[in-house]
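To keep things clear, I will list the structure first and then write my remarks on it.
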Amino acid sequence: MTYAPKSDFLQVLLERGYYADCTDIDGLDDALTAGVVPAYIGYDATAASLHVGHLMNIMVLRWLQKTGGKPITLMGGGTTKVGDPSFRSEERPLLTPAQIESNIGGMKNVFARLISYGDGPTDAVMLNNAEWLDALNYLDFLRDIGRHFSVNRMLSFESVKSRLDREQSLSFLEFNYMILQAYDFLELNRRYGCVLQMGGSDQWGNIVNGIDLTRRVDGAVIYGLTTPLLTTSDGRKMGKSQGGAVWLNGDMLSPYEFWQFWRNTTDADVGRFLKLYTELPVEECNRLGSLGGSEINQGKIVLANEVTALLHGIEAAHAAERTAREVFEAGGVGVDLPTVFVTEAQLEAGLANTALFVQAGLAASGKEAKRLFAEGGARINDELVTEARLLTPDEIRAGLKLSAGKKRHALVRME
């Protein structure tokens, strides 16, 4: 997009690749230059941790704060009870209130590392939409809010239309999600003066609904802005690895594994990811991303160190790099590698090498582990594994290093 913004925030978004679309970029630019803009992104509490797929939008909130805006992290204590149907093929599993609260507790850890909370003009605030959604009276809500929504228009949104076109069920519960999210924006504008909602481009319809509702009910001028939905250069959804979701909480994915995820970035993605996930100057991101041959590995290490330091601290980043060098360059066993602990009970029952590869997250199933063996991609203590077998108690007690390919490793120790 060719646009010359006056505000620092939009300048950052455009330069670094965060920008997809905006409902009124000129109006938003004026608002950003006129004073502090409170802006929010919503996060439903569907898991105990956020994952890498959320990280780009958290970085957007971080940049908003660094350029003089006020971030609002809205936890979906209410909307999680319904579940966002956007571009999903089936309904989300319903969680209990206790599960939702527990998940919110786990998610808070990440925000506290990347955004500064407090009582100042640009300090972030964390809110929970259960504050207003749990208290709604159904009939009053239908009369006061529901009448502003056209079912015909709701059915035209791509997130809903794609589900219906595939003849997949869309429950009435899910259909209400977009109304509740729109109502969030209205309440945030009334209670906290919030004038901007941001999110991935798959949230465009929900964001527009909130703007339209707030204009109809209160006549307020508010804005929506979306970021691109990110895939890697080889077409994979960002945030997925061979072992599953790349969690942001250190107790669900170790800092070493997190570091290694970024170190394994495809060559073509290095420059783009440096701009999106670090605060290095754009010129340096472009320089590192344009390195050729084996030199591109320097850019990958910088990327891994910078992102890991932001989330887990500089010491964790340095420790992860040291471990990687021990494992890959010196052929040693890095002490910070992910570790699987085996109990005496497991030892007595007998443990197959396939089971350990699954337990370590190096294979999704025993069948996949056997395929890894057959393809020559598995090693135990740097020796090639060619077939499934039971490991002896002495082997396990002595400690093992499991390897899947050249880049994925884990240790096995007795508990």
Side-chain angles (χ1 to χ4, degrees), residues 1-43 50 52-74 110-118 120-125 194-201 203-204 207 222-231 238-239 248 262 265 269-290 299 302-303 305-311:
M1 177 187 180
T2 304
Y3 183 80
K6 302 184 293 290
S7 62
D8 292 340
F9 179 58
L10 286 180
Q11 183 72 39
V12 167
L13 295 197
L14 289 164
E15 278 184 348
R16 303 187 78 94
Y18 293 112
Y19 182 89
D21 210 344
C22 182
T23 55
D24 177 7
I25 193 167
D26 290 309
L28 177 58
D29 201 17
D30 288 340
L32 287 163
T33 54
V36 176
V37 168
Y40 91 98
I41 297 177
Y43 299 88
L50 298 164
V52 162
H54 295 109
L55 189 55
M56 180 166 66
N57 278 332
I58 302 175
M59 289 298 293
V60 168
L61 289 175
R62 183 177 170 91
W63 279 113
L64 174 76
Q65 187 169 52
K66 288 170 72 73
T67 54
K70 185 178 184 69
I72 298 173
T73 47
L74 181 66
V110 171
F111 292 114
R113 288 186 173 274
L114 295 169
I115 302 168
S116 176
Y117 290 85
T122 62
D123 284 339
V125 292
C194 181
V195 296
L196 173 62
Q197 181 184 359
M198 300 183 289
S201 57
Q203 294 297 313
W204 180 258
I207 291 172
I222 56 177
Y223 309 95
L225 185 148
T226 57
T227 55
L229 290 182
L230 203 60
T231 56
M238 184 60 184
L248 301 185
W262 296 100
T265 295
D269 290 324
V270 172
R272 183 168 57 129
F273 287 1
L274 281 163
K275 285 185 280 191
L276 292 172
Y277 297 107
T278 81
E279 294 174 339
L280 292 176
V282 171
E283 297 77 14
E284 179 65 1
C285 297
N286 290 334
R287 184 190 72 80
L288 290 167
S290 65
V302 171
L303 172 65
N305 281 338
E306 291 288 326
V307 186
T308 305
L310 273 177
L311 189 64

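The figures here come from the full heavy-atom set of this structure, side chains too, leaving out hydrogens, waters and symmetry mates. Nothing fancy with the numbering, it's 1 onward along the sequence.
When atom types are taken as modelled, the side chain of K70 and the backbone of D123 share a donor-acceptor pair closer than 3.5 angstrom. Judged purely by atom type and a 3.5 angstrom limit, T308 has no side-chain atom pairing as donor or acceptor with the backbone of N305. At distances below 3.5 Å, at least one donor-acceptor pair connects side-chain atoms of T226 with backbone N or O atoms of D21.
The structure places CG of N57 at 7.5 Å from CE of M198, a figure rounded to the nearest 0.5 Å. Note that CE of M56 is 5.0 Å distant from CG of L230, once rounded to the nearest 0.5 Å. Here L64 contributes atom CG and T122 contributes atom OG1; the two are 9.0 Å apart, rounded to the nearest 0.5 Å. Between atom CD1 of residue I41 and atom CD of residue Q203 there is a gap of 10.5 Å, rounded to the nearest 0.5 Å. Summarising the geometry, atom CD1 belonging to I25 is positioned 5.5 Å from atom CG belonging to L14; distances are rounded to the nearest 0.5 Å. Taken from SG in C22 to CG in L10, the straight-line distance is 7.0 Å, to the nearest 0.5 Å.
Minimum interatomic distance between I207 and G224 (heavy atoms only, all atoms of both residues): CG2-CA, 3.6 Å. Nearest heavy atom pair, residue Q65 against residue A124, reads NE2-N, 3.3 Å. Closest of all the heavy-atom pairs between G17 and P228 is O-CG, 3.6 Å. T278 and L274 make their closest contact through OG1-O, 2.6 Å (heavy atoms, listed as atom of the first residue, atom of the second, distance). Closest heavy-atom contact between I72 and P38: CD1-CB, 4.2 Å.
When side chains are defined from C-beta on, W63 counts as touching E279, because their heavy atoms get closer than 4.5 Å. Residues R16 and V282 form a side-chain contact, since some pair of their non-hydrogen atoms from C-beta on lies under 4.5 Å apart. Between M59 and L276, the closest side-chain pair of non-hydrogen atoms is not below 4.5 Å. When side chains are defined from C-beta on, L55 counts as touching V307, because their heavy atoms get closer than 4.5 Å. Using a 4.5 Å heavy-atom cutoff, the side chains of I222 and L196 are not in contact. Annotation: side chain of N286 is not in contact with side chain of E283 (no heavy-atom distance under 4.5 Å). No side-chain heavy atom of T67 sits under 4.5 Å from any side-chain heavy atom of L32. Taking the side chain as every heavy atom from C-beta outward, L225 and V60 never approach each other to under 4.5 Å.
Side-chain N/O atoms of D29 and S7 include a donor and acceptor closer than 3.5 Å. Side-chain contact of Y277 with W262: a donor-acceptor pair under 3.5 Å is absent, judged by distance alone.
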Quiz item: Given L61 and L114, is the side-chain contact (heavy atoms from CB on, under 4.5 Å) satisfied, shown in steps?
Solution: CA-CA 9 Å; L61 289 175; L114 295 169; over 6 Å; no
Quiz item: Which is it for E284 and V302 under the side-chain contact (heavy atoms from CB on, under 4.5 Å) test, yes or no, and what are the steps along the way?
Solution: CA-CA 11 Å; E284 179 65 1; V302 171; over 6 Å; no
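Here the rule is side chain to side chain donor-acceptor pair (under 3.5 Å) with K6, and of T33, D30, D26 only D30 fits it.
Annotation: F111 is in aromatic contact with Y43 [ring centroid separation under 6.0 Å].
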